[in-house]
Each structure stands twice: as structure tokens, then as C-alpha cells.
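Structure first, then comments.
Just so it is clear, the structure is predicted and the values come from calculations on it, not from any experiment. Keep in mind that the numbers below use all heavy atoms, side chains included, and drop hydrogens, waters and symmetry copies.
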Amino acid sequence: MTTENSNLAGLDQRTIRIEKLKKLENMGINAYPHIFNPDFTSKALNEKYATLANEEQTEDEVKVAGRIRAIRNSGMFMDLYDDTGKIQIFSSLENLPQSEKDVLALLDLGDIIGVTGTVRRTKRGELSVATKHLDVLAKSLQVLPEKFHGLQDQDTKYRQRYLDMMINPDTTRTLIMRSQIISAIREFLNGLGFLEVETPILHPILGGANAKPFITHHNTLDMDLYLRIAPELYLKRLIIGGLPAVYEIGRNFRNEGMDTRHNPEFTMMELYWVYKDYNDMMDLFEQIVQYAAMKVLGTTTVSFDGKTFELGGHWPRRSMLDLVKEETGIDFEAFETNAEAVEAAKKLHVEVPENASWGLVVSTVFEEKCEHKLMGPIFVIDHPKDISPLTKEHRANKRLVERFEPFINTWEVGNAYSELTNPLDQRERLEEQVKAREAGDDEANMMDEDFVTALEHGMPPTGGLGMGIDRIVMILTGSLSIRDVIAFPTMRKK
RNA sequence: GAGUGUGUAGCUCAGCUGGUAGAGCAUCUGACUUUUAAUCAGAGGGCCCUGGGUUCGAGUCCCAGCACGCUCACCA
């Protein structure tokens, strides 16, 4: 058997690797074996032999495994990486049997191997495993991106995320933190006695938010279905059924634009808690974010894009009308009619439809004039009633509802209410939505008779809260694009 | 959807006013039992995103398309 690779000259790198794979097979080696049991990770090995002196050699035989990320001195040194770090493999030509030398010559960067050998520390101080036996665990047929500059191409990073993860440690770190943040949220809510539930993703009727949907079709029922834009109306049915505290963490789908803060499918946490109102929800929102921040960062002081956010303590709570007044000098509360409000918006150079309602004007002016200044964290509270069809009327102001949106870094990171529980009121508001839809607003809610019927059976006073998980993860991980916190973001077909 | 930028070797990038394509890493060969972005010498490797056009001649200029980034619009 030859270890000579000169016959490979000029071939492309994948072909070369396939030829090497054939040579391994000809040597009776299965390059994709069923099992290998390493007894140390990089971290565990380094911890156990932390005190081993330079040039000290042990007789301790260990088995380690990982991906080859560097080969130096014609194979004498290899850097093996597992998820905990690096292990240097030392293969001395003097002590290595010919059969092992033959395997060594057929290894490439990117191959996953297992090494059986003895533990030593080199004179340069690098803890190493001195090879006795090499196992090929997976021959890699593809070339890894360059080690120094890494993988830069955004397209490849998103489409071949595994490469991004192998090469860029921050990518893996962010995805791990995402998982930890979601675990922390579950842990916190479960600790309060919440029940995690699952509700349908295929919805026959659109509801729970204002957004354009994805439409799909069920063949057997011969029926169009919507991918949910929000789980709200189903979660409320569970409250009506008697569950006192429920939450769901899952994907919502909205058929709208994509940018650094929007992905067509995104992860939302929604919860409902009986005998609570939106004030309680504000306390709860703060606590959830603070708990998650402490879990993954150990602090509630968060650095993001050169800015610092203090997420600890109570966040300011400011009414939308106050913020608009502060910013524009106009007190929209003083306007009795829609026309007056529209007139005022025009003076501010904020475009609104000629027939816009008072509430739509207020929220549009808020979005145009205030939102981009809200570094937060801050709760914007008490929204206009006519833009909030599922929210209970404000106990002190009939034109408003008990609703809030938390903002961090000018981003809306959630939405919460004292939930509307009056079925007759709910029916009227949904009828308004239906009218808006008929008038061409394809983001308006549809009439959900079954939901209103459920409400008619009686729903206790309830606080509800939605949290945009992706954006919270962005803030806590310092990610500038939502695509960096989603392992496989939506991409155009290539 | 609009504007704008990018697309060249497996990867990261050069390529000026148009003249037959370059580097580093990776690959192959050799040297070196030494290292840690190992080093040294040599070699191979290109549908220059796609399709049109201008030109004697296009990676380069023009038009269209595709993909991605950024900004804006819609939205969470």
C-alpha cells in the first residue's frame, strides 16, 4: 500500500480527498465507523493535566476525538478541536508504526478523527496526546474556509451555517446563548406555575394580530389554511377552559418585508395569566428579561452596538399620548374629532389617510416622531382603543386601552394587554375589523365566531403578554441582524 | 417594493485610463522531527455570477437578469 499522493497532483481538492478515502478503504479502514468512545474532552484533559510540567511525559493512555483544524510539520503536530477547545496531537515518526504513518498521510484539514495515545506536554508548553493509534471517524470531502480570515461571505454564512459555526466561534456562541435564553424563560415561567402549551400553527381564521399571512392548503379538507400570525386566540380559549397561567414559545409567520429586524418566521413567547392586568404584565416582562440576562450574562447591564442598556430595576412607563405631546407639543387628547387629529398630523408632516381615526393618527404620529428616539428600556402604555381590537378598555379613559409595548434600542420587543373579556364588546370590535378588511385592509382581523362564543362562556380578568424572542436574543447577544440569532434564516432560492 | 454597493482559484482578497489572470491561505512534490497563522523551495489549480451589447480586443465600459449586503418603505 502506498502513501504516495503524487498521483493526485492537479486534481481538484474534492477529487483528491475521494482518492484518499479510497486508499483508506483499500487499507481496510472504514472512514465512517459506527462508534468511537473518547474518554476526555479538550477541557477535561486540560483540567486533569493542568499541573503537568513542560516536557513531562506520562504513560497515561487516553482516547480523544475532534476535527482536524491545523496540521504542522508534515503531520507531526495536529490541532484537534471539539466543542470545548483544542487538543494538540503529537505524532513522532520514530515511534509510529508504518500502518499509522500511512493513515496520517491520508488525513486532511476538516477530517474528524479519534486518537489513542499518551499524555505529555511539549517543551513549548502545549498539552498533547502522543499518537499510538489513529481512527478516522469521518473523512471530510470538502475544503474548510481559510483559517485566518475565516468565512466572510454572508450568503455562505447563512446558507451553510455549519461552516460559519465551525469557523466563527461567535456564531456558535450566539446560537448557544439563544438556547439558554429560551431555557431561562421556560425555567422562570414554570417556577411561577405556568403551563407550557401548544396551539395550532395552521389556522382556518386569521386573528390575534394585524399582519399579512402565508396561505397554504389542506388537500383532504380541501381548505385553505393560514400559518398563524399569532397564537393569541387559542391561548385565550385555554384560559376560558380553566387553565390559570399558560404560555407558548413558538414560530409565528408574517408575509411581510425582511430586514435586519424581520424574518418571515420568527419566534414569539405569549403568555396569559388570570386575575392579572397590564400593570402586572409590565412587572412580569421586566422580570423575565432580567432573569434571562442574569442567566446568560450574569448582569442586567448590557452592551449593544456601542451603547449600554440597564435592564435592571423598574423600567419607565410613559403613556403614548404624553410621549407624543412631549415630542410634538401637540396634545392629541384635546381633539374631539378625527378631522382635528388628521389636521394636526398634516401640520407635523405625518402622512395619514384622510379618513383616519383619532387613534390611528395618534399611533402613526407616535411611530413617526417618537419611536426612533426610544432607547429604553421603556414601556409605552395606554394605546388608542381603535387600533387595539383585543384589548380591554382603559379603566380611566374610554378612548384608550390598557396596553403596553416595551422598547429597547428603539425596537418594539413585545406587546401586552389587560385582555378584552367582554364578549359583546369583542364582537363589535371584530366587526369593525371585518369592515376594515372589506375596505381593503388585508391586515385586519377576521371574525372568529368560535372565539367570541368561547368568550361568551366567561373569561376571567386576564393579563396577556407577547415577547419577541429573536429581538431579545439580539439585545442579549449583541447581534446586529436577526439572521445572526436564527440558525437558518429565510433565504431566497438559489 | 425603491435606492445603493458587492459578485474574480476551495477560502480571504488585489486587478489603474480596455491589451491573453495575480497574491496569501488551502492543494500536490521536496526539505525540515522543529510546531502552534510553523518555515523554506517548486508545481498545479479560473465559464472573472449569467445573458446581451460597444470595440480589432471586455474581468474592466453599457444594458438586462440572478444572488447577497446596507439604507428606506411595510412590519414585530
Side-chain angles (χ1 to χ4, degrees), chain A residues 4-17 19-20 69-81 86-96 101 105 108-110 122-128 130 140-160 163-164 166-167 208-213 229-230 251-270 351 367-368 371-372 405-408 410-415 442-443 466-472 474 480-483 489 491-494:
Chain A
E4 170 80 14
N5 288 333
S6 56
N7 58 325
L8 305 177
L11 299 175
D12 71 82
Q13 297 194 43
R14 180 168 176 274
T15 308
I16 288 171
R17 288 176 179 226
E19 289 303 318
K20 288 179 178 176
R69 292 293 304 280
I71 301 176
R72 292 181 293 278
N73 295 73
S74 312
M76 184 183 188
F77 298 102
M78 288 189 288
D79 290 343
L80 225 56
Y81 278 78
K86 179 178 97 172
I87 305 168
Q88 179 166 275
I89 304 304
F90 175 80
S91 300
S92 152
L93 288 183
E94 288 142 28
N95 305 330
L96 210 57
K101 288 182 193 170
D108 285 298
L109 297 180
T122 65
K123 66 181 173 191
R124 298 289 179 94
E126 187 79 31
L127 189 68
S128 306
S140 168
L141 303 181
Q142 295 279 345
V143 184
L144 286 179
E146 196 211 3
K147 60 190 157 189
F148 189 56
H149 296 93
L151 181 63
Q152 299 297 331
D153 186 62
Q154 285 293 350
D155 192 28
T156 309
K157 284 170 71 135
Y158 294 140
R159 287 183 198 270
Q160 294 177 267
L163 280 180
D164 190 24
M166 281 181 221
I167 301 298
N210 296 346
K212 296 190 192 77
I229 57 173
R251 220 68 64 81
N252 287 350
F253 306 84
R254 299 191 184 173
N255 205 340
E256 283 159 356
M258 296 166 65
D259 59 32
T260 49
R261 284 175 292 287
H262 298 85
N263 197 63
E265 50 180 305
F266 64 101
T267 300
M268 182 88 118
M269 188 277 289
E270 271 198 30
E351 266 189 58
E367 283 164 16
E368 292 288 318
E371 214 173 270
H372 65 280
E405 291 175 316
F407 284 82
I408 303 174
T410 76
W411 304 343
E412 187 188 334
V413 292
N415 189 15
D442 54 2
E443 296 188 3
M467 179 182 284
I469 296 295
D470 307 283
R471 290 186 180 178
I472 294 292
M474 286 171 73
L480 296 174
S481 170
I482 195 169
R483 296 182 141 195
M491 300 293 282
R492 206 184 293 267
K493 200 159 107 188
K494 218 172 178 177

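Contact of the Arg69(A) side chain with the Leu144(A) side chain is registered, since non-hydrogen atoms from C-beta on lie closer than 4.5 Å. Between Glu351(A) and Glu368(A) the shortest side-chain heavy-atom distance does not fall below 4.5 Å. Side-chain contact between Ser140(A) and Asp108(A): absent, with no pair of heavy atoms (C-beta onward) separated by less than 4.5 Å.
Nucleic acid contact class of Phe90(A) (heavy atoms, under 4.0 Å, all strands): none. Contacts of Arg159(A) with the nucleic acid, taken as non-hydrogen atoms under 4.0 Å apart, involve only primed sugar atoms and P, OP1 or OP2. Nucleic acid contact class of Gly257(A) (heavy atoms, under 4.0 Å, all strands): base. Using a 4.0 Å heavy-atom criterion, one finds that Arg492(A) contacts the sugar-phosphate atoms exclusively. Looking at heavy-atom distances under 4.0 Å, Ile167(A) makes no contact with the nucleic acid at all. Residue-level contact check: Met491(A) touches the backbone only, with heavy atoms under 4.0 Å from sugar-phosphate atoms and none from bases. Counting any heavy atom pair closer than 4.0 Å across all strands shown, Lys86(A) reaches a base atom. Within the nucleic acid shown, Gln88(A) comes within 4.0 Å of at least one base atom, counting heavy atoms only. Within the nucleic acid shown, Asn255(A) has no heavy atom closer than 4.0 Å to any nucleic acid atom.
The number of heavy-atom neighbours closer than 6.0 Å to CZ of Arg251(A), taken from other residues, nucleotides and ligands shown, is 12 or below.
Within the 4.0 Å cut-off from OP1 or OP2 of A76(B), not a single side-chain nitrogen or oxygen of Arg261(A) is found. For A76(B), the OP1/OP2 oxygens have no side-chain nitrogen or oxygen of Arg471(A) closer than 4.0 Å. Not one side-chain nitrogen or oxygen of Arg72(A) sits closer than 4.0 Å to the OP1 or OP2 atom of U39(B).
Here the closest heavy-atom approach between residue Arg254(A) and residue Ala230(A) is recorded as NH2-CB, 4.3 Å. Of all heavy-atom pairs spanning Phe77(A) and Asn73(A), the tightest one is CD1-OD1, 3.8 Å. Of all the heavy atoms in Ser128(A) and Thr122(A), the pair that sits closest is OG-CG2, 3.4 Å.
Side-chain atoms of Thr260(A) lie closest to C70(B) of the nucleotides U27(B), C70(B), A76(B).
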Contacts under 3.5 Å, N or O only, protein and nucleotides 5-11 of chain B:
| residue | atom | partner | partner atom | Å |
| --- | --- | --- | --- | --- |
| C11(B) | O2' | Glu146(A) | N | 3.1 |
| C11(B) | O2' | Gly150(A) | O | 3.4 |

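Here Phe148(A) does not pack flat against the base of G24(B), since the 5.5 angstrom centre distance and 30 degree tilt limits are not both met.
Remark: the Asp259(A) side chain and the C74(B) base include a donor-acceptor N/O pair separated by less than 3.5 Å. No donor-acceptor contact under 3.5 Å links the side chain of Glu126(A) to the base of U35(B).
For Leu109(A) and U36(B), the CG to P distance is 16 Å, given to the nearest whole Å. The CG-C1' distance, from Asp155(A) to C68(B), rounds to 5 Å in whole Å.
A donor-acceptor pair under 3.5 Å is absent between the side-chain atoms of Asn263(A) and the main chain of Phe266(A), judged by distance alone.
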